[in-house]
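Report on the structure given below.
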Amino acid sequence: MFLHDQLEYHYPFGIKRLYQLIYGATKASKLKDADAVLVGTHWAAHYLRRHFGLETQVVAVGVDPDRFRPPSPEERQALRSLYQFSRFTLLTPARFTLEKNHLAVLLTARLTPDADFVLVGEGSWSKGLRSLARVLNLSNVRFLGRREDIAELYRAADAVLFPTLADNPGLVILEGMASGLPVITSPFPPQQEVISPREGLLVPPHPRNLSQAVRWLMQNPQKARELGEKGRQRILSERSVDVGALMLADVLRALSKVPL
């Protein structure tokens with residue numbers, strides 16, 4: 001069984017601990033019956049062992065670096081024209097649920113009127129967030145709904161903004177890195193496992209911190225490009241689908257006791 005659960009929610013008012021108790025009583029208790037449990041991060045393996053006594057094996061979650069790749073200058077110009085990206089544009093592709101922290105994205109947009117924020121996806125919070133954007137008169141926020149051209153949107157954007165409260169670690173981060181973009185994300189252990197300050201900006205997921213990070217990228221375009229380049233190199237060496245497939249093959253071979 002491959003477990004892609006988020007496991008830990010960084011919500012206030014004790015909800016983080018409450019979720020842990022509920023998870024232990026529901027999902028974790030049933031996982032003990034599995035022949036093997038695979039997880040995508042070392043953090044998840046440590047978390048499940050520490051809190052629930054579950055032994056797991058790590059298979060790196062990866063992305064396709066051929067699909068998610070940097071554009072040529074000509075392709076980038078054409079895509080930006082197609083999507084009408086005329087200013088510094090941040091992309092947030094994620095389900096509209098509480099843990100994705102879209103509220104922080106909207107409030108960051110309010111604090112950063114000289115940048116554009118593009119939100120891709122649908123979900124239970126979609127209508128409420130669209131209404132809030134209208135109430136706040138956020139002319140620099142666009143909602144694109146569900147899309148099939150997400151790889152092209154990455155290639156047209158300037159950065160990824162993903163202030164998650166729960167992901168483990170978040171495919172959005174990996175896709176952005178593979179696309180050669182600087183990524184702004186949360187400084188929680190699962191995110192720190194896949195992206196370091198050498199490849200992106202790990203920022204507390206609060207609007208003022210996020211706005212400062214956006215402005216830093218806007219004011220330092222060369223450093224922003226370097227973050228994106230280093231991020232892609234890390235994906236190629238650690239988090240591509242090929243790397244993940246080799247790790248999975250090793251785990252399955254060991255489980256089935258098939259010799260090399």
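No side-chain heavy atom of P182 sits less than 4.5 Å from a side-chain heavy atom of K223. In this structure, H4 and V61 have side chains that are in contact, with non-hydrogen atoms separated by less than 4.5 Å. Two residues are said to be in side-chain contact when any heavy atoms from C-beta on lie closer than 4.5 Å; P163 and T185 fail this criterion. D35 is not listed as a side-chain neighbour of L255, based on a closest heavy-atom distance of 4.5 Å or more. When side chains are defined from C-beta on, L21 counts as touching R17, because their heavy atoms get closer than 4.5 Å. Side-chain atoms of L174 and I195, non-hydrogen and from C-beta on, never get closer than 4.5 Å to each other. In this structure the side chain of E199 never reaches within 4.5 angstrom of the side chain of L227, judged on heavy atoms. Taking the side chain as every heavy atom from C-beta outward, E8 and W43 approach each other to under 4.5 Å.
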Margin query: For Y83 and V118: C-alpha separation, side-chain torsions, deciding distance, then whether side-chain contact (heavy atoms from CB on, under 4.5 Å) applies.
Written below: CA-CA 10 Å; Y83 296 126; V118 176; over 6 Å; no

Next item on the list: Under the side-chain hydrogen bond (donor to acceptor under 3.5 Å, both in side chains) rule, what do R130 and S126 come out as? Steps first, then yes or no, please.
Entry: CA-CA 6 Å; R130 290 172 187 263; S126 179; 3.2 Å; yes

Checklist line | Chi angles and distances behind the salt bridge (charged side-chain N to carboxylate O under 4.0 Å, His left out) call for D158, R76 | finding: CA-CA 10 Å; D158 294 288; R76 174 176 164 78; 2.7 Å; yes

Checklist line | Steps toward side-chain hydrogen bond (donor to acceptor under 3.5 Å, both in side chains) verdict (Y47, N168) | finding: CA-CA 11 Å; Y47 182 91; N168 175 33; over 6 Å; no

Notebook entry, point to check: When you look at I184 and V214, which way does the side-chain contact (heavy atoms from CB on, under 4.5 Å) test go after all the steps?
Noted result: CA-CA 8 Å; I184 302 171; V214 171; 3.8 Å; yes

Next item on the list: In sequence, state the C-alpha distance, the side-chain angles, and the governing distance for R80 and Q77, and then conclude on side-chain hydrogen bond (donor to acceptor under 3.5 Å, both in side chains).
Entry: CA-CA 5 Å; R80 286 181 67 84; Q77 183 177 359; over 6 Å; no

Note to self: Working note: D64 + S240, criterion side-chain contact (heavy atoms from CB on, under 4.5 Å); need CA distance, chi angles, decisive distance, verdict.
What the structure shows: CA-CA 6 Å; D64 183 352; S240 71; over 6 Å; no

Note to self: Under the criterion side-chain contact (heavy atoms from CB on, under 4.5 Å), I'd like the reasoning laid out for V172 against Y154: C-alpha separation, chi angles, the key distance, then a yes or no.
What the structure shows: CA-CA 10 Å; V172 170; Y154 280 114; 3.9 Å; yes

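A donor-acceptor pair is defined here as one N or O able to donate and one able to accept, closer than 3.5 Å; no such pair exists between the side chain of Q57 and the backbone of L38. A side-chain donor-acceptor contact under 3.5 Å links T164 to the backbone of A166. Between the side chain of S29 and the main chain of T26, a donor-acceptor pair closer than 3.5 Å is present. Distance alone, capped at 3.5 Å, places no donor-acceptor pair between the T41 side chain and the P190 backbone. Counting only distance, with no hydrogens or angles, the side chain of R232 and the backbone of A178 share a donor-acceptor pair below 3.5 Å. Without hydrogens or angle criteria, T89 side chain to F85 main chain gives no donor-acceptor distance under 3.5 Å. A donor-acceptor contact shorter than 3.5 Å is absent between the side chain of S211 and the backbone of R208. With hydrogens and angles ignored, the 3.5 Å screen pairs a side-chain donor or acceptor of E193 with a backbone N or O of H42. N209 places no side-chain N or O within donor-acceptor distance of the main-chain N or O of V203, the cut-off being under 3.5 Å. Side-chain atoms of Q191 come within 3.5 Å of backbone N or O of P169 as a donor-acceptor pair.
Note on R69 versus E75: salt bridge recorded, some NZ/NE/NH1/NH2 to OD/OE distance being below 4.0 Å. Salt bridge annotation for E152-R155: present, with a cationic side-chain nitrogen under 4.0 angstrom from a carboxylate oxygen. Using a 4.0 Å cut-off between a side-chain N of Lys or Arg and a carboxylate O of Asp or Glu, E122 and R146 do not qualify as a salt bridge.
Enclosure of atom CH2 in W125 is not indicated, since only 12 or fewer non-hydrogen atoms of other residues, nucleotides or ligands lie within 6.0 angstrom. Environment of CD in Q84: sparse, with no more than 12 heavy atoms of neighbouring residues, nucleotides or ligands closer than 6.0 Å.
Relative ring orientation between H102 and F96 is described as parallel, the plane-to-plane angle staying below 30° on a 0-90° scale split at 30° and 60°.
The cluster map of Ile, Leu, Val, Met, Phe, Trp and Tyr, joined by side-chain heavy atoms under 4.5 Å apart, puts L82 and L144 in the same cluster. Residues V241 and I235 do not share a hydrophobic cluster, defined by chaining ILVMFWY side chains whose heavy atoms lie under 4.5 Å apart. Note on L171: it clusters hydrophobically with F2, by side-chain heavy-atom contacts below 4.5 Å among ILVMFWY residues. Hydrophobic clustering places M1 together with L48 (ILVMFWY residues linked when any side-chain heavy atoms are closer than 4.5 Å, directly or through intermediates). Under a hydrophobic clustering in which Ile, Leu, Val, Met, Phe, Trp and Tyr are joined whenever their side-chain heavy atoms come within less than 4.5 Å, directly or via other members, L136 and V105 fall into the same cluster.
A pairwise comparison of heavy atoms in G24 and F52 identifies CA-CE2, 3.4 Å as the closest pair. For the residue pair A109 and L138, the shortest heavy atom distance occurs at C-CD2, 4.5 Å. When all heavy atoms are compared, the tightest approach of S179 to F68 is OG-CB, 3.7 Å. Minimum heavy-atom separation, G40 to R239: O-NH1, 3.1 Å. Of all heavy-atom pairs between L106 and V141, the closest is CD2-CG1, 3.9 Å. The two residues P205 and A104 have their closest heavy-atom pair at O-CB, 4.0 Å.
Atom NZ in K27 sits 12.0 Å away from atom CD1 in I22 (nearest 0.5 Å). Of the inter-residue distances, the one linking L246 atom CG with D250 atom CG reads 7.0 Å to the nearest 0.5 angstrom. In this structure, CG in L165 is found 7.0 Å from CG in L98, a value given to the nearest 0.5 Å. A distance of 4.0 Å separates OG1 in T92 from CG in L161, rounded to the nearest 0.5 Å. How far CG of L181 is from CG of L91: 8.0 Å, rounded to the nearest 0.5 Å. Here T108 contributes atom OG1 and L90 contributes atom CG; the two are 9.5 Å apart, rounded to the nearest 0.5 Å.
Among residue pairs with one or both ends in residues 97-120, those qualifying as salt bridge (Lys or Arg N to Asp or Glu O under 4.0 Å) are R87-D116, R95-E99, K100-D167, D114-R215; sequence neighbours excluded. The ring-ring contact (aromatic ring centres under 6.0 Å, His included) contacts involving residues 162-200 comprise H10-F188, where partners must be two or more places apart or lie in separate chains.
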